[in-house]
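What follows is one structure encoded as C-alpha cells, with my remarks underneath.
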Amino acid sequence: MSGVTCYADLHIHIGRAGGRTVKVTASDDLTLPRIIEYVPRRKGLAILGIVDAASPLVQQEFVALIEEGMLTPVKGGGLAAADLLLVPAAEIELPHNACGSAHYLAYFPGLEEVKAFAAELKPFMTNPNLSTQLVRLTPGEAYDLAAACGGFLIPAHAFTPHKGVLGACAANLVEVFGERALIGLELGLSADTQMADTVSGLCELTFLTSSDAHSLAKIGREYMQFSLQELNFSSLEAALRRQGPNRVIANYGLAPKLGKYHRTYCPVCNTIFTDPHPVLFCPGCPQDKLVLGVWDRLQQIADQPSASPSHRPPYVYQVPLEMLPGLGPKSIQRLIDLVGPEKYVLNTAPYAELAQAIGRRGAEVIIAARSGALTLVPGGGGRYGRVRLH
Ligand SMILES: [Zn+2]
Ligand SMILES: [Zn+2]
C-alpha cells in the first residue's frame, strides 16, 4: 500500500489578515499568503495547523485564496496549496471552575466546519476576530461542540503555568473532561514525552509537538513526523487516534530546558531555580508571584516513574538554528540557501555540507546540538533557556 511520510506543525498563529490584526503578539508578516510562500522551502513541512481559522478575518482570507486558485479544498479534509496541506483550527481560552483558565485547540476538516464551530462560540465570547479569545463555556462543552462540528479538541501547551490545563488549572484530565476520551495533548515547548509519561492518566493520549509560532521564523521549532494513508485531515486525525496504518512516527521538539517555562521562576528575587528537586515556593518571597516551572509542576502531579506505553513514538530533541550560539541571521540564510530546509540542516545534513556553507565552527555547533553535547541553561517565567558551548 502506498502512503505518505510527512512532517506537520499543527500550531501556527496568524498575525494579520485582510490588513487587520488577528493576534496582537504575532508578527505583521505572519499572514496566510506569506506562510504558503515561506514554509515549503524554508521549513520542509507538509501539514500546517492554522489555529486562528475561527476568526472571520482569517476565514475571508481563506475564501479569497480559494477564489484566486491558490488554495483547494481536499477530499478527506484540509486545504492544499501546492505541496502544503493547511488544516483549519481554533485556539480558544476556557475558564475553569476551580481557578484560572486554559488554552485548547480544536481542529476541523474544512472551512464550513470551523465556521460552524465559530458560530456556536460567538454568543459566549467578546471579540471573535481576535486569536485565542476567552469563551465562557466549560472544556467539556467545547469538546462536545468541536465533535458536533466534525472536529476534535485537545489541550494546548498542557503543562505551562500560563494557560496550560494541567499546569495551572487541574491535576488530571478527568476533573476537566469527565468520561470524554481525549485524542491527544500538546506537550508545549518546556516538556517532552519522558516528562509527561510520569502521569499515568496520559498514557492513552497521543502527544503533539507543535511550535505555537507567533512569527514565520518560529514555525517548525517543534513538529511531528507522520505516516499517513493520504495527505488529508481524516488520515491525520486517524494517525492521532492510532487507527489503521496511520501513525505519528516521531515527535521533534525543543530540548525542554530551552522552553520558556521549564523551571520555577520567582519575579520578586528574579531567580530561575535550578535545584535538583521541584521548587514549589521561594524562601523569603511572597508566594503569589511565583511562576511554577513545567518540570517542577510535573514532579508535583507525577504518579509513576516515567514509563512510556508501547505506542509512544521516539522524541527527537532539536535546538533551533536561531538559538545556536554564533549563528547569526546571515549564516542561517546561507544554510537555507546552500544546504536545505532548516529541518534538514538541524537533523540530517553531513558535516562537510554544513562546513562548506558556514565554515567549520558553525558546523561543529550544529553537530554538537544533534548529539546533545551543548550545555543548556534552563528557561523559566517566560524567558527561554539558553545554549552554552561548554
Ligand atoms: Zn496558547
Ligand atoms: Zn497558541
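None of the values given here were measured: they were computed from a predicted structure. When a ligand or atom number is given, it counts from 1 through the structure's own listing order.
- Residues Leu335 and Leu327 meet the side-chain proximity criterion, which asks for heavy atoms closer than 4.5 Å.
- Within 6.0 Å of CZ in Arg361 there are 12 or fewer heavy atoms belonging to other residues, nucleotides or ligands.
- For the Zn ion (ligand 1), the nearest N, O or S atom contributed by His103 is named ND1.
- The Zn ion (ligand 1) is closest to atom OE2 of Glu91 (considering only N, O or S atoms).
- Inclusion of His13 in the first shell of the Zn ion (ligand 2) is supported: an N, O or S atom falls under 2.8 Å.
- Heavy atoms from other residues, nucleotides or ligands lying under 6.0 Å from CD of Gln194 number 12 at most.
- Lys343 forms no cation-pi arrangement with Tyr252, by the criterion of a distance under 6.0 Å to the ring centre and an angle within 45° of the ring axis.
- In terms of modelled atom types and a separation under 3.5 Å, the side chain of Arg241 and the main chain of Asn246 share no donor-acceptor contact.
- Nearest N, O or S atom of Asp212 to the Zn ion (ligand 2): atom OD1.
- Taking 2.8 Å as the criterion, His157 does not count as a coordinating residue of the Zn ion (ligand 2), since none of its N, O or S atoms falls below it.
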